[in-house]
Trainee: 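The structure follows.
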Amino acid sequence: MTGCVYLVGSGPGNPELLTVKARRLIEESDVVLHDTLPGPEILDSIPETKREDVGKRAGGEWTPQEYTNRRLVELAEEGKTVVRLKGGDPFVFGRGGEEAEHLAEHGIDVEYVPGVTSAIAGPGVAGIPVTHRDHASSVSFVTGHEDPTKDESAIDWAALAATGGTIVVLMGVGKLPMYTDELVSAGMAPETPVALVERATWPNQRVALGTLGTIVDVRDERGIEPPAVTVIGDVAATRAEVAEFLRNDAESEETET
Ligand code: SAH
């Protein structure tokens with residue numbers, strides 16, 4: 001009997017934000033294939049005997065996607081119940097779509113189990129609603145790290161600048177200077193509020209605030225590193241208004257520039 005693969009979202013990292021279904025499937029599974037994004041608290045709660053790390057290998061190299069695909073098929077063909085655990089939601093910049101297609105090509109049953117995405121919850125736990133009746137009636141989710149083999153950027157930053165809505169960039173710590181420049185060149189005010197939310201919902205969550213003009217310096221001064229989400233737009237100023245009453249990040253450090 002061929003097993004089944006569950007593509008499961010872990011949420012942003014706090015174990016209480018795992019869904020009830022994700023928790024049950026992790027418990028019932030034979031193997032959990034994961035990378036580091038679910039975060040230490042969730043990963044440490046899974047018995048080591050059934051964990052397989054397909055994230056960064058010793059030496060800093062990423063496990064090739066082909067290996068992960070092959071391993072998923074192999075385990076399912078052995079009749080195992082497999083949880084492919086991904087940070088946030090499996091279908092938001094997580095290659096979940098590619099893995100589902102690969103499994104389907106090999107005749108293996110797949111079930112998608114949604115997770116709380118960092119694209120919405122990351123800003124949220126910092127006190128920033130991605131939409132707000134007074135500030136933003138649309139939101140765009142963008143990757144800051146495109147396939148380096150692509151010649152041209154698939155992201156039209158000028159068009160995004162023109163929407164007037166919130167822009168949330170994932171995998172966008174390294175390329176921050178590039179896209180903040182592009183947005184300002186496209187006519188967005190350098191004073192536009194920007195927030196970086198690092199390790200959202202992890203015990204060492206940090207929030208850094210700035211503007212399109214200052215956020216690169218803020219990033220460097222604070223040493224903000226991935227995983228972090230960048231929130232661009234007037235909603236990012238909401239944090240300042242609610243911070244005093246915000247219970248999500250009692251522990252988190254903050255700087256404003
Ligand atoms: N599927 C994931 C995103 C995978 S891409 C999701 O839905 O959240 C990886 C990027 O997600 C990171 O570079 C970062 O931008 C973001 N990310 C994931 N978890 C995060 C967290 N706890 N805090 C801040 N950003 C996070």
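Remember, it's 1-based here, ligands and their atoms both numbered in the order they're listed.
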Trainee: Looking at ligand 1, does any of its N/O atoms fall within less than 3.5 Å of an N/O of Ala119?
Mentor: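 No - when backbone and side-chain N and O of Ala119 are compared with those of ligand 1, no distance drops under 3.5 Å.
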Trainee: Between Glu99 and Lys86, does any side-chain N to carboxylate O distance fall below 4.0 Å?
Mentor: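 Counted as a salt bridge, because a side-chain N and a carboxylate O are separated by less than 4.0 Å.
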Trainee: Can you tell me how far the NZ atom of Lys50 sits from the OG atom of Ser29, to the nearest 0.5 Å?
Mentor: 3.5 Å
Trainee: Run the numbers for me: atoms of ligand 1, each under 4.0 Å from some heavy atom of Arg199, listed by number.
Mentor: 22 (N), 23 (N), 24 (C)
Trainee: Between Val130 and Ala136, which heavy-atom pair has the shortest distance, and what is it?
Mentor: O-CB, 4.1 Å
Trainee: Using a strict 4.0 Å threshold on nitrogen-to-oxygen distance, state whether Arg51 and Glu48 make a salt bridge.
Mentor: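 Salt bridge between Arg51 and Glu48, a charged N being under 4.0 Å from a carboxylate O: no.
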Trainee: Has ligand 1 got any nitrogen or oxygen that is less than 3.5 angstrom from a nitrogen or oxygen of Gly87?
Mentor: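 N/O-N/O distance below 3.5 Å exists for this pair.
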Trainee: Any idea which protein heavy atom is nearest atom 4 (C) of ligand 1, and the distance to it?
Mentor: Phe93 O, 3.4 Å
Trainee: Can you name the atoms of ligand 1, numbered from 1 with element, that are less than 4.0 Å from a heavy atom of Pro12?
Mentor: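 Going through ligand 1 atom by atom, the ones under 4.0 Å from Pro12 are 22 (N).
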Trainee: Checking a contact table here: which protein heavy atom is nearest atom 3 (C) of ligand 1, and how many Å away?
Mentor: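 Result: Val92 O, 3.3 Å.
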Trainee: To check your reading of the model: name the closest protein heavy atom to atom 23 (N) of ligand 1, its residue, and the distance in Å.
Mentor: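 Residue, atom and distance for the closest contact: Ala200 N, 2.8 Å.
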Trainee: Would you mind checking which non-hydrogen protein atom is closest to atom 10 (C) of ligand 1, with the distance to 0.1 Å?
Mentor: Met171 CG, 3.7 Å
Trainee: Does Val169, backbone or side chain, put an N or O under 3.5 Å from an N or O of ligand 1?
Mentor: no
Trainee: When you look for heavy atoms under 4.0 Å from ligand 1, do you find them on the side chain of Gln205, its backbone, both, or neither?
Mentor: neither
Trainee: Decide whether Asp109 and Tyr6 meet the rule of one side-chain donor and one side-chain acceptor closer than 3.5 Å.
Mentor: no
Trainee: With respect to Asp89, determine whether any N or O atom, backbone or side chain, lies less than 3.5 Å from an N or O atom of ligand 1.
Mentor: yes
Trainee: Any idea which of Val125, Leu37, Leu170 brings a heavy atom closest to atom 9 (C) of ligand 1?
Mentor: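 Looking at heavy atoms only, the winner is Leu37.
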Trainee: Find all atoms of ligand 1 within a distance of less than 4.0 Å from any non-hydrogen atom belonging to Val197, and give their numbers and elements.
Mentor: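 Close to Val197: 24 (C).
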Trainee: Report the part of Pro226 in contact with ligand 1, treating N, CA, C, O as backbone and CB onward as side chain, heavy atoms under 4.0 Å; options are side chain, backbone, both, neither.
Mentor: neither
Trainee: Atoms of ligand 1 less than 4.0 Å from Ser118 heavy atoms?
Mentor: 6 (C), 7 (O), 8 (O), 11 (O), 16 (C), 17 (N), 18 (C), 19 (N), 20 (C), 26 (C)
Trainee: Would you compute the distance between atom OG of Ser10 and atom CG of Leu18 and round it to the nearest 0.5 angstrom?
Mentor: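 With rounding to 0.5 Å, OG (Ser10) is 6.0 Å from CG (Leu18).
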Trainee: Relative to the heavy atoms of Trp202, which atoms of ligand 1 are at a distance of less than 4.0 Å?
Mentor: 22 (N)
Trainee: Answer yes or no: is there an ion pair linking Arg70 with Glu74, defined by an N-O contact shorter than 4.0 Å?
Mentor: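 No salt bridge links Arg70 with Glu74.
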Trainee: With a 4.0 Å cut-off, would you call Lys21 and Glu111 a salt bridge?
Mentor: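 Salt bridge flag = yes for Glu111 with Lys21.
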